[in-house]
Amino acid sequence: NAAKRVYEQLGSGHNERIYHKALVYELNCQGYNLDTEMNIIVKYTDTKGNTHSLETERIDIFIHNFNILIELKAIQKQIQAQEHAQLHKYINELKKIDIEVKNAIIINFPQPNNKEVPKEIEFYIKKE
């Protein structure tokens, strides 16, 4: 509902950062304890059992009380395998640090194309 409210007020055509900021304000108003741009370190364990920190990835929004991961998009195309893979990557990395994600959501604030201006946002929800 928070994402729908953001899209109803802002409409299409903004970049992801604009929707991100508005959604964080809306979720904060609703009392959620969240991190925005939550950093997770990708780790790799080699064949000798040594663990190495590789790079940092950023999760758009993580709601702590419910262990919900939210990934935001502002793209013309529909949510596809590439976006699903990104979500699964984050879930797997969080598992490595003992955070079980209960639900993961991709929200696409669609962008206008040559044929139409989208009227609704698109969701993909992965439930555990």
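Side chains included, hydrogens not; waters and symmetry mates left out as well; all remaining heavy atoms used.
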Heavy atoms of Pro110 and Ile121 approach each other most closely as CD-CA, 3.7 Å

Please check if Phe66 and Ile107 belong to a single hydrophobic cluster, counting links between Ile, Leu, Val, Met, Phe, Trp and Tyr side chain heavy atoms closer than 4.5 Å. yes

I need the Asn108 CG to Glu120 CD distance, nearest 0.5 Å. 12.5 Å

Looking at Gln30, I want to see if its CD is surrounded by more than 12 non-hydrogen atoms of other residues, nucleotides or ligands under 6.0 Å. yes

Any donor and acceptor pair, going by atom type alone, linking the side chain of Tyr32 with main-chain N or O of Phe62 inside 3.5 Å? no

Report yes if some heavy atom in the side chain of Glu71 is under 4.5 Å from a heavy atom in the side chain of Ile105; otherwise report no. no

Residues passing the side chain to side chain contact (heavy atoms under 4.5 Å, CB included) test with Ala22, sequence neighbours excluded, are Val6, Leu10

Gap between atom NZ of Lys21 and atom CD of Glu16 - 0.5 Å precision: 12.5 Å

Smallest heavy-atom separation, Leu94 atom then Val101 atom, equals CD1-CG2, 3.5 Å

Contact summary for Tyr90 and Arg58, nearest pair of heavy atoms: OH-O, 3.2 Å

Count the heavy atoms belonging to other residues, nucleotides or ligands that lie under 6.0 Å from CD of Gln80, then report whether that count exceeds 12. yes

Give a yes or no on whether the backbone of Ile18 and the side-chain of Asn15 come within a donor-acceptor separation of less than 3.5 Å. yes

Quick one: does any side-chain atom of Gln111 pair with a main-chain N or O of His14 as donor and acceptor, under 3.5 Å? yes

Taking the basic N atoms (NZ, or NE/NH1/NH2) and the acidic carboxylate oxygens, is any pair closer than 4.0 Å for Lys96 and Glu93? yes

Hydrophobic cluster identity match, Ile97 and Leu69, side-chain contacts under 4.5 Å: yes

Does atom CG (Asn50) have a neighbourhood of more than 12 heavy atoms from anything else shown, all under 6.0 Å? yes

Taking atom OG1 of Thr51 and atom CD1 of Ile41, what is their separation to the nearest 0.5 Å? 12.0 Å

Among Gln78, Lys77, Glu122, side chain to side chain contact (heavy atoms under 4.5 Å, CB included) partner for Glu83: Lys77

Same cluster or not: Ile91 versus Met38, using hydrophobic residues (I, L, V, M, F, W, Y) connected whenever any side-chain heavy atoms lie under 4.5 Å apart? yes

Between CD1 of Ile59 and CD of Gln86, what distance do you get to the nearest 0.5 Å? 10.0 Å

Does Pro112 offer a backbone N or O that forms a donor-acceptor pair with the side chain of Gln76 under 3.5 Å? yes

Identify whether the distance between the nearest side-chain nitrogen and carboxylate oxygen of Glu100 and Lys102 falls below 4.0 Å. no

Cluster check Ile75, Ile125: I/L/V/M/F/W/Y, side chain < 4.5 angstrom: no

Looking only at heavy atoms, which two atoms of Gly11 and Tyr19 are closest? And how far apart? O-OH, 2.6 Å

Taking C-beta and beyond as the side chain, do Ile70 and Asp60 meet within less than 4.5 Å on heavy atoms? no

Any ion pair linking Glu26 and Lys4 (charged N to carboxylate O, less than 4.0 Å)? no

One should read off an interatomic distance between Leu27 CG and Ile68 CD1, to the nearest 0.5 angstrom, of 9.5 Å

Approximate separation, where rounding is to 0.5 Å, of Thr36 OG1 and Leu72 CG: 8.0 Å

Check the pair Lys73 / Ile79 against side chain to side chain contact (heavy atoms under 4.5 Å, CB included), numbers first and verdict last. CA-CA 9 Å; Lys73 300 292 177 193; Ile79 296 169; 5.6 Å; no

